[in-house]
K.L.:
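Got a structure for you, questions after.
Letters A, B, ... are given to chains in the order of the sequence lines, protein chains preceding strands, and every chain is numbered from 1.
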Number of protein chains: 2
Amino acid sequence: MTINYPQGTANQFPSNLQPQRPTIFGDRGMTLEEEINDSNKYYRNHNLAVIYKKPTPIQIVKVDYPKRSRAVIKEAYFRQASTTDYNGVYRGYYIDFEAKETRHKDSFPLSNFHQHQIDHLHQCLQQQGICFAFVKFVTLKRYFILPASVLIKFWQQAQKGGKKSMSRTFIATHALEIHPGYNPVLPYLEACDHLIQTLGDHHV
Amino acid sequence: MTINYPQGTANQFPSNLQPQRPTIFGDRGMTLEEEINDSNKYYRNHNLAVIYKKPTPIQIVKVDYPKRSRAVIKEAYFRQASTTDYNGVYRGYYIDFEAKETRHKDSFPLSNFHQHQIDHLHQCLQQQGICFAFVKFVTLKRYFILPASVLIKFWQQAQKGGKKSMSRTFIATHALEIHPGYNPVLPYLEACDHLIQTLGDHHV
């Protein structure tokens with residue numbers, strides 16, 4: 001699937017190559033990842049949930065072991081993750097999600113996702129996990145929890161020739177909006193409660 | 001806590017520095033990690049559970065971006081994980097565990113664990129996760145699922161001056177033994193079923 005950037009905001013470099021934005025606490029200036037990590041820390045510290053971002057998978061090729069010093073990795077490569085970025089536990093439920101931000105205002109291109117992430121969400125749904133995509137419209141500062149079931153259905157239709165991009169209206173209709181606060185920055189467990197309710201009493 | 005190797009089998013190097021053992025399929029010659037990864041793959045392929053080993057956390061210091069070639073990490077360091085090695089979902093339940101093997105025959109030293117792993121297991125237990133240590137006595141080829149609650153209690157007593165090592169008898173009494181097979185190599189979901197039962201109907 002080719003990436004389509006109608007507004008010319010194509011991001012040419014991997015995110016870790018981007019010039020570091022200064023942290024502005026007025027509008028917080030945080031990336032979605034930072035905001036979620038911050039929220040997860042809050043939830044852990046308050047014994048509300050245990051959710052972490054998984055480390056980036058790295059293929060290590062060469063390691064030096066200098067004497068009296070810790071090991072240094074001298075050659076390694078980024079590998080593609082086989083799962084989503086975040087998982088953990090909340091009230092006995094398994095939580096699993098992928099976080100994605102877009103600078104688009106009116107649409108969210110499916111090219112933000114990879115097949116293996118969709119497959120993983122599908123597998124976790126089958127195991128009765130609470131699964132979703134955490135979507136941020138950066139310029140609008142709006143946040144949505146899009147249930148994995150909706151994402152997967154849309155993805156499957158796209159593969160059969162359907163739309164390659166979700167409109168913001170579609171997302172606003174089918175997702176749960178999260179209103180950012182202070183503690184936590186993104187109070188998204190409320191959306192998890194809602195997803196748990198719709199799941200019903202599924203546990204055997 | 002100092003590491004105590006009464007039988008002189010002290011392992012002087014990190015595991016990734018050890019000479020590679022040839023894979024002998026007769027007695028399988030697999031490490032516990034390989035056996036668990038193999039079993040998890042079987043469980044995923046049969047839609048029975050979605051459980052993965054988390055990637056090793058790495059602190060990246062320097063990355064080269066050669067033209068027309070993928071990024072190369074030129075300087076990085078191993079970081080200590082803040083969680084356990086494995087997690088995932090099974091029948092709607094959150095599964096979380098740490099895998100440890102020992103060459104001791106009659107005891108399992110607590111020095112195999114770190115405080116942050118114990119803390120993480122404790123936090124996940126509070127969220128009603130299914131949490132345990134997957135223990136392998138390498139020379140005996142015996143495998144045990146030790147419930148996190150038992151491990152945490154023993155750990156806390158050790159901190160107050162109690163024993164620093166679990167006897168194999170203690171483990172055999174308080175853990176569930178897993179008998180290795182072929183598909184999967186380590187059928188440990190059976191032990192998860194047992195832990196789920198003892199948890200009772202905890203889901204709100």
K.L.:
Any side-chain heavy atom of T56(B) within less than 4.5 Å of one from I60(A)?
P.N.:
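No. Closest side-chain heavy atoms not under 4.5 Å.
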K.L.:
Does NE2 in H194(B) sit with more than 12 non-hydrogen atoms of other residues, nucleotides or ligands closer than 6.0 Å?
P.N.:
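For H194(B), atom NE2 is not crowded (no more than 12 foreign heavy atoms under 6.0 Å).
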K.L.:
For a quick test of reading the model, state the closest non-hydrogen atom pair linking P57(A) to P55(B) and the distance between them.
P.N.:
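Between these two residues, the closest heavy atoms are CA-CB, 3.8 Å.
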K.L.:
Any donor-acceptor pair under 3.5 Å linking the side chain of Q127(B) with the backbone of R91(A)?
P.N.:
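Yes, because the side chain of Q127(B) sits within donor-acceptor range (under 3.5 Å) of the backbone of R91(A).
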K.L.:
More than 12 non-hydrogen atoms from neighbouring residues, nucleotides or ligands closer than 6.0 Å to NZ on K74(B), yes or no?
P.N.:
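No - once you tally the heavy atoms of other residues, nucleotides and ligands closer than 6.0 Å, there are 12 at most.
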K.L.:
State, yes or no, whether a side-chain contact exists between Y77(B) and V72(A) at a heavy-atom distance under 4.5 Å.
P.N.:
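In contact.
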K.L.:
If I measure from the heavy atoms of chain B, does S82(A) come under 4.5 Å with its side chain, its backbone, both, or neither?
P.N.:
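Backbone plus side chain of S82(A), per the 4.5 Å heavy-atom cut-off to chain B.
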K.L.:
With a 4.5 angstrom heavy-atom cut-off, could you sort out which part of E75(A) is near chain B: side chain, backbone, both or neither?
P.N.:
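Contact with chain B is through both the backbone and side chain of E75(A).
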K.L.:
Pick one of side chain, backbone, both or neither for R44(A), based on which atoms fall under 4.5 Å of a heavy atom in chain B.
P.N.:
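Both parts, backbone and side chain.
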K.L.:
Roughly how far, to the nearest 0.5 Å, is CD of Q59(B) from CD1 of I73(A)?
P.N.:
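Here the interatomic distance stands at 10.0 Å.
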K.L.:
OG1 of T84(A) to OH of Y52(B): how many Å apart, nearest 0.5 Å?
P.N.:
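So the OG1 of T84(A) and the OH of Y52(B) are separated by 9.0 Å.
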K.L.:
Less than 4.5 Å apart, any side-chain heavy atom of V50(B) and any of D96(A)?
P.N.:
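Contact flag for V50(B)/D96(A) side chains = no.
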K.L.:
Let's test your reading of the structure: which of A71(B), A76(B), A81(B), C124(B) forms the most heavy-atom pairs below 4.5 Å with chain A?
P.N.:
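Heavy-atom pair counts peak at A76(B).
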K.L.:
Sub-4.5 Å heavy-atom contacts with chain A: which residues of residues 171-179 of chain B show up?
P.N.:
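Listed by number, there are no contacting residues, so the answer is none.
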K.L.:
Checking L48(A) against chain B: side chain, backbone, both or neither under 4.5 Å from a heavy atom?
P.N.:
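For L48(A), backbone heavy atoms alone lie under 4.5 Å from chain B.
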K.L.:
Side-chain contact test, heavy atoms from C-beta onward, threshold under 4.5 Å: evaluate it for F78(B) versus V63(A) and give yes or no.
P.N.:
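Yes, at least one pair of side-chain atoms sits under 4.5 Å.
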K.L.:
Sort out for me which of Q126(A), R70(A), K54(A) touches chain B most, counting heavy-atom pairs under 4.5 Å.
P.N.:
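Highest number of pairs under 4.5 Å: R70(A).
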K.L.:
Please look at Y90(A) and chain B and tell me whether the side chain, the backbone, both or neither of the residue comes under 4.5 angstrom of a heavy atom of that chain.
P.N.:
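Both parts, backbone and side chain.
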